[in-house]
Amino acid sequence: MLDRAFFARPALLVAPELIGAILRIDGVGGTIVETEAYDQADPASHSFPGPTPRNASMFGPPGCAYVYRSYGVHWCLNFVCNDEGHGGGVLIRALEPLYGLERMAERRGAASPRLLCSGPGRLGQALAVTKGLDGLPLDQPPFALQPRAAEPLIAVGPRIGISKAAERPWRFGLAGSLFLSRPFPRPICALEAREACPS
DNA sequence: GGTATGATTGACT
DNA sequence: GTCAATCATACCA
């Protein structure tokens, strides 16, 4: 189980380490394959302007959920990082579905496995994320979070859908995964890594 | 009070 | 490729 100490660090460090971890909410979930880091000193972050009612949980204890409504339509899930009061977070952008595929398909409407959790809004819908989960600790039900078993090959690129600080390479993904919300601009795959570092 | 803006998605040309 | 849905928040008056 990933404990509070794991999250009491900068989001930029936590975000890549979450790739490969398994997230479940009420037993429904899968492997985290895509994350983005946000920090209070980051113009793109909801916490940038300082604490407000909306982003209050970003300034609460690390290791809790921060849930916000996107475009008035979608619920998006973040993990709060940094020490308490420092407003960092990791947006969970995509999962590879493993558990509760049937419930996900019901919530999403009959959809192919690739469309169940590949994007923050889709993931929120598939896992029934709502404001009711905002601020809840991730090490207690309905959440279940287990660390990854092995060190995966991680792709890095700019974050999606933001206009400020858009150049920062703060998006992380499981290289080669079929369940990313979008491909990485310069995908890192095993073949490419071999070519870059011939033994 | 009014208005512009999204950490998105799905439908459509 | 374009665009509407839909609403909380931010910002200005």
Side-chain angles (χ1 to χ4, degrees), chain A residues 7 10-19 21 23 25 30 32-60 62 64-82 86-97 104-136 138 154-174 177-185:
Chain A
F7 291 100
L12 195 53
L13 296 181
V14 174
E17 292 185 24
L18 284 171
I19 301 298
L23 166 69
I25 301 179
I32 296 174
V33 297
E34 186 179 339
T35 61
E36 284 179 359
Y38 289 87
D39 190 87
Q40 190 179 3
D42 166 16
S45 174
H46 290 170
S47 58
F48 184 66
T52 67
R54 175 210 200 184
N55 64 23
S57 42
M58 286 191 85
F59 293 90
C64 292
Y66 162 54
V67 175
Y68 71 93
R69 186 105 112 139
S70 173
Y71 288 87
V73 182
H74 307 287
W75 294 104
C76 298
L77 175 65
N78 297 253
F79 296 167
V80 176
C81 294
N82 290 338
H86 287 257
V90 174
L91 172 66
I92 310 302
R93 289 192 53 92
L95 300 183
E96 175 173 347
M104 291 188 198
E106 276 174 30
R107 292 161 175 167
R108 293 266 309 124
S112 82
R114 289 186 53 158
L115 293 177
L116 290 178
C117 299
S118 56
R122 292 168 177 163
L123 185 157
Q125 189 180 19
L127 271 57
V129 171
T130 67
K131 195 70 180 170
L133 298 177
D134 188 47
L136 296 185
L138 299 169
I154 294 180
V156 181
R159 295 173 291 183
I160 305 235
I162 56 172
S163 54
K164 302 167 201 165
E167 76 289 350
R168 298 187 189 187
W170 285 9
R171 175 181 177 231
F172 305 93
L174 181 62
S177 171
L178 298 174
F179 298 90
L180 300 173
S181 65
R182 295 177 55 179
F184 279 76

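Within every chain, numbering begins at 1; the chains are lettered A, B, ... in the order of the sequence lines, protein sequences first and strands thereafter. Values reported hereafter were calculated over all heavy atoms of this structure, with side chains retained and with hydrogens, waters and symmetry mates removed.
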Is a donor on one side and an acceptor on the other found under 3.5 Å between the side chain of A:Arg171 and the backbone of A:Val156?
-> no
Would you indicate, yes or no, if B:dT5 has its OP1 or OP2 atom less than 4.0 angstrom from a side-chain nitrogen or oxygen of A:Ser163?
-> no
Assess the side chains of A:Ser47 and A:Gln40: does a donor N or O sit below 3.5 Å from an acceptor N or O?
-> no
Tell me: CG of A:Leu77 to P of B:dA7, nearest whole Å?
-> 16 Å
Which comes earlier along DNA chain C counting from the 5' end, the contact point of A:Lys131 or that of A:Val73, where each point is its nearest nucleotide?
-> A:Val73
Would you please say whether a donor-acceptor pair under 3.5 Å links the side chains of A:Arg108 and A:Gln125?
-> yes
Complementary nucleotide for B:dG10 - Watson-Crick or wobble, under 3.5 Å | C:dC3
Does A:Arg54 have a side-chain nitrogen or oxygen under 4.0 Å from the phosphate oxygens OP1 or OP2 of C:dA10?
-> no
Report the base-pairing partner of C:dA10 (Watson-Crick or G-U wobble, both distances below 3.5 angstrom), or none.
-> B:dT3
Mapping A:Ile162 and A:Leu115 to their closest nucleotides on DNA chain B, which lands nearer the 5' end?
-> A:Ile162
Please confirm whether any donor atom in the side chain of A:Tyr68 sits under 3.5 Å from an acceptor in the base of C:dA8, or the reverse.
-> no
What interatomic distance, in whole Å, is found between P of B:dA4 and the corresponding atom of C:dA4?
-> 15 Å
Ignoring the backbone of A:Tyr71, work out which of B:dA7, B:dG10, B:dT8 is nearest its side chain.
-> B:dT8
Within the pair A:Arg69 and B:dA7, is there a side-chain N or O less than 4.0 Å away from OP1 or OP2?
-> no
Apply salt bridge (charged side-chain N to carboxylate O under 4.0 Å, His left out) to A:Asp39 and A:Arg168, showing your working.
-> CA-CA 12 Å; A:Asp39 190 87; A:Arg168 298 187 189 187; over 6 Å; no
Within less than 4.0 Å of OP1 or OP2 of C:dA10, is there a side-chain N or O belonging to A:Thr52?
-> yes
Below 4.0 Å: OP1/OP2 of B:dT9 and any side-chain N or O of A:His74 = no
Looking only at atom C1', what distance separates B:dA7 and C:dG1, rounded to whole Å?
-> 23 Å
